[in-house]
Amino acid sequence: MTLAFGAVTVVDSHTEGEPTRVVVTGGPDLGSGDLRARADRLVNDFDSFRSGVICEPRGSDVVVGALLCKPVDDSSAAGVIFFNDVGLLGMCGHGTIGLVTTLAHLGRIGPGHHRIETPVGTVSAELHSDGKVSVANVPSYRYQASVPVDVPGYGVLVGDIAWAGNWFFLVGEHPFSVDIANRRQLVAAATATRLALIRQQITGENSGVIDHIEFFAAPQTSRGSSRNFVLCPGASFDRSPCGTGTSAKMACLFAEGKLEPGELWVQEGILGTSFDARIASAANGRIHPVITGRAWITAESTLRFDPADPFAGGIVFP
Ligand code: PYC
């Protein structure tokens, strides 16, 4: 498509280390359908907008984009479509914390509860008076337990498949050191696992593509319940403990009878930062997870797209 974008204003933040870029103005016209329909339109008609905002030279593969949209329901604070360097995300926990912090920074919301529409359902977020944000994610569940996958070069890994706004493969038993110094090996092993799942046609419900891989290990802080490493769609890993990944983990713990509603779960990420998480309630095998964390504003900028720029749509690596 032809890039018609001139100036796009964005606010950047990071949530426990993981960046979010909220597109405030200058996004494409996606119509007035629900967020699912608008997300489809973004992918089908404006993919170079997504890649131009997120990929190099304006961004990087670590950044998650959040396109701020007018909500369908006027009582919602916002609609949002999350995306990264390779495509769309259904939901994004750290990104919702970044979005709420950004809306507060812009003076659009204050402390209290706010509804946010996403392509996978409406979530709610509470902005606390100390600046922390709690996100009540979409209902989450373990779909399958103890699924073996033969990963070339690594052997058989056994993991659970869970939905939490994205599809996850969660591996507790593995030979890897979940330590930031080992990040290249973790990315390689998780990427090989994701490819093996695809090759062996192991999916989420209704053929949902499992695009997030999580490895778990013992916590390294006195408050922590567990430490994780999360490979995102593409080749980057979550610097935060991953809000949807933490929700998926709690869904699996609940299914095993190891975590009850109300109990605190402190999920450390690969940088040692953490989310405080709880199951608010559960019914019919689904949990309602709540994740609490902090975000900090890092930049307010205007992105420029010159139609003559060969990389106006970003550098898209094969
Ligand atoms: O926090 O849910 C999350 C997330 C997904 C991908 C990156 N962060």
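Positions are given from 1 along the sequence. Hydrogens, waters and symmetry mates are skipped; everything else that's a heavy atom, side chains included, is used. For ligands, and for the atoms within them, numbers begin at 1 and follow the listed sequence.
- Between Tyr154 and Phe176, the gap from one ring centroid to the other is short of 6.0 Å.
- Ligand 1 has no nitrogen or oxygen under 3.5 angstrom from a nitrogen or oxygen of Cys232.
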Between side-chain atoms of residues 140-151 and protein atoms elsewhere (two or more places apart, or another chain), which donor-acceptor pairs fall under 3.5 Å?
unit_1, atom_1, unit_2, atom_2, d
Ser140, OG, Val138, O, 2.9
Tyr141, OH, Glu205, OE1, 2.4

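- Less than 4.0 angstrom separates some heavy atom of His212 from each of these atoms of ligand 1: 5 (C), 6 (C).
- Cation-pi geometry between Arg50 and Phe46 is not met at under 6.0 angstrom from the ring centre and within 45 degrees of the axis.
- Both the backbone and the side chain of Thr244 come within 4.0 Å of ligand 1, counting heavy atoms alone.
- Polar contact check, His94 against ligand 1: a nitrogen or oxygen pair lies under 3.5 Å apart.
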Do any side-chain atoms of residues 80-90 form donor-acceptor pairs under 3.5 angstrom with protein atoms, and if so which ones, sequence neighbours left out?
unit_1, atom_1, unit_2, atom_2, d
Asn84, OD1, Val86, N, 2.9
Asn84, OD1, Gly87, N, 3.2
Asn84, ND2, Pro233, O, 2.8

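- Every atom of ligand 1 with a heavy atom of Gly243 under 4.0 Å away is listed here by number and element: 1 (O), 2 (O), 3 (C).
- Ile210 places none of its side-chain heavy atoms less than 4.5 Å from the side chain of Phe168.
- For atom 7 (C) of ligand 1, the closest non-hydrogen atom of the protein is Asp238 OD2, 3.2 Å.
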